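Shown next, in structure tokens, is the structure this report addresses.
Keep in mind that the numbers below use all heavy atoms, side chains included, and drop hydrogens, waters and symmetry copies. Predicted model, so just to flag it, every value in this text is computed and none were measured.
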Amino acid sequence: MRTNRASRAWVLGAGIAVLVLATAVAAAARSSKPQLKDGGTLVVGLAEDPDALDPTLARTFVGRIVFLHMCEKLYDLDAKLHIVPQLAAALPDVSKDKLTYTIKLRSGIKFNDGTSLDASAVKQSLDRDRTLKGSTRASEISPIESVAASGPLTVQIKLKTPYSPLTAQLADRAGMVMSPKQLGALGDKFASNPVCVGPFSFKDRVAGDHITLVKSSFYYNKAKVHLNQITFRIITDPNARTQNLRSGDIQVLDRAQSTDVPTLQGDKNQTVIKTPTIGYQGLTLNLGNKNGLLKPYENVGTPLAKSQFLRTAFDLALDRDQINKVVFNGLNLPDCYPISPVSPWYVTTKGLQCSLHANVALAQKLVKASGFQTPINVSLMLGTDPVNARLGQVIQSMEKEAGFNVQLQPTEFVSSLAKADAGKFDTFAVGWSGRVDPDGNIYGFVATPGTLNDSGYADSKLDYILNSARKSTSEKSRITLYKAAMKIIHRQRPLIYLYHPVNYYGVSNKVDGVKVYGDGLIRAQFAGFK
């Protein structure tokens, strides 16, 4: 069965509009509450352990939550996912030929070591993102030719070619400015004691247990910061996170599992924040990552890597609607593409076909046509929590009907990312928290030089389309190009997209000021106790 995506877009878009309106009303109601108390420690229960707390190297979603409280960016997102200045004084001034971006910085800003933010600091951070070995920012800002400090508070960025997503990239980790003093002291060990501009500064970290931040005495807007400290506790078991929230051991719960949502909603001591996100979850298939990320790609020789028929069959065996119902109680948004209904770029998927239901008969025919003998063994690397266990079991059952024998490989999250980068996997259940510009959801994962291309996928035609979309300054042209790119990705299937998360966050009623936008990030930097 195939679905009319235009109709789905209207229905989903209407639902999102209602959710956004409800969130806005709730936020307005919260803002009218009495002034918050100063002091105290807020404990946030994170669903995973972040990787390196280094903006140049980091790649995890939970890491972005921690960064948001201690590493501000040149630009940020507002509640409507519009790009707004943060450390920059205004949006960039762009030259007529679209090759020069001039960014004015705010004055009087200090890093959390007391040194001053200036244009040379921005240059050093951007140059580090571009050139440091292992940088996951490199492909995000690869069109940059040079960065110069043209004045004490003026940064000038020269581009090799026009690059429309640049400002959006500077509203994420590529736009975080690191203290030159700390970079000089620690170099590539910056993650051991990161220093940026932010309402909180790094105190300590125990891997797998907690990360502690303390209120900064140097923050330019410290009068708005109520808390003395934020502790991010790593609680990977979703049941344990829920229990810790209800017992009062934590005050903010990162992404409640779907089965716990009704319990939390019925608890008068908690508030549940519901947020449709711009991210996606799916499966990454290892096609050419035989030698490691960004090393010469070479077909890994597995049945899925060798046969497009098998990859199509593997996809067709998956019933996205049933996965959503069985694993997630119907709370997510099933889809076949990386652009969420929350995104203003959702229009790029208009007219593309998406099968939310399995076609097992066709999958079986394709398996037979591939020439491989059944059952075809496929290993699936996935998380260690109960939700991932359920997801793996459902995928295993669905694929069995088509002739695949899926072997589950539960792996700790940060370890799984390292294995994926090294090419030590067959398929990997993993997602992406999403970016406001579609380039941020696509290029890094499927372009040949993409710094997140764990699939090892290389296609010169797709590279040309994606690079053309980066260069284009016409929204209409970019929509057409991304539509063409998604057709290739859907046909070749280096990634199989399953759904867009609708996240649920639990917040103790003793706390106010916690916000979550469509990027899914917990914003507690100006929260406090009532």
So Arg130 and Ile141, do their side chains get closer than 4.5 Å, heavy atoms only? yes
Got a salt bridge between Arg246 and Asp260, using NZ or NE/NH1/NH2 to carboxylate O under 4.0 Å? no
Counting distance only, does the side-chain N/O of Asp78 pair as donor-acceptor with the main-chain N or O of Lys80 below 3.5 Å? yes
Taking side chain as C-beta onward, heavy atoms only, is Val394 less than 4.5 Å from Gln322? no
I'd like to check Leu293 versus Asp454 (side-chain heavy atoms, cut-off strictly below 4.5 Å). Are they in contact? yes
Are the side chain of Arg320 and the backbone N or O of Leu333 linked by a donor-acceptor pair below 3.5 Å? no
Does atom CZ (Phe372) have a neighbourhood of more than 12 heavy atoms from anything else shown, all under 6.0 Å? yes
Side-chain contact, heavy-atom cut-off 4.5 Å: Leu318 with Leu283? yes
Any salt bridge between Arg64 and Asp172, counting N to O under 4.0 Å? yes
Between the side chain of Asp463 and the main-chain N/O of Asn467, is any donor-acceptor distance below 3.5 Å? no
Within the 4.5 Å heavy-atom criterion, are Glu48 and Thr60 side-chain neighbours or not? no
Under the ring-ring contact (aromatic ring centres under 6.0 Å, His included) test, which residues partner Phe445, sequence neighbours left out? Trp432
Examine distances only and state if a side-chain atom of Ser340 and a backbone atom of Thr277 form a donor-acceptor pair shorter than 3.5 Å. yes
Answer yes or no: is there a donor N or O on one side and an acceptor on the other, between the side chain of Thr136 and the main chain of Ala58, under 3.5 Å? yes
After noting the C-alpha distance and the side-chain angles of Val387 and Phe328, does the key distance pass the side chain to side chain contact (heavy atoms under 4.5 Å, CB included) rule? CA-CA 8 Å; Val387 176; Phe328 304 106; 3.6 Å; yes
Is it the case that Arg435 places NZ or CZ above or below the six-membered ring of Trp345, under 6.0 angstrom from the centre and within 45 degrees of the axis? no
Going by heavy atoms in the side chains, are Phe428 and Leu417 under 4.5 Å from each other? yes
Side-chain touch Phe413/Asp51, heavy atoms, less than 4.5 angstrom: no
Could you tell me whether the side chain of Asn329 and the main chain of Leu331 form a donor-acceptor pair under 3.5 Å? no
Has Arg493 got its NZ or CZ under 6.0 Å from the middle of the six-membered ring of Phe314, at an angle within 45 degrees of the ring axis? no
Would you please say whether a donor-acceptor pair under 3.5 Å links the side chains of Gln169 and Asp437? no
Any salt bridge linking Arg491 with Asp459? Criterion: basic side-chain nitrogen under 4.0 Å from a carboxylate oxygen. no
Side chain to side chain contact (heavy atoms under 4.5 Å, CB included) evaluation trace for Val378 with Asn405: CA-CA 6 Å; Val378 176; Asn405 175 35; over 6 Å; no
List the steps, then state whether side chain to side chain contact (heavy atoms under 4.5 Å, CB included) holds for Val516 with Tyr505. CA-CA 8 Å; Val516 185; Tyr505 306 81; 3.6 Å; yes
Indicate yes or no: does Asp321 engage Lys325 in a salt bridge with an N to O separation below 4.0 Å. yes
Would you give the length of the straight line joining atom CD1 of Ile83 to atom CG of Leu170, rounded to the nearest 0.5 angstrom? 9.0 Å
Would you give the length of the straight line joining atom SG of Cys336 to atom CG of Leu495, rounded to the nearest 0.5 angstrom? 13.0 Å
Do the side chains of Thr275 and Tyr504 get nearer than 4.5 Å, heavy atoms only? no
If you apply the rule side chain to side chain contact (heavy atoms under 4.5 Å, CB included), what do you find for Met398 with Asp319, and how did you get there? CA-CA 8 Å; Met398 290 177 173; Asp319 190 311; 3.7 Å; yes
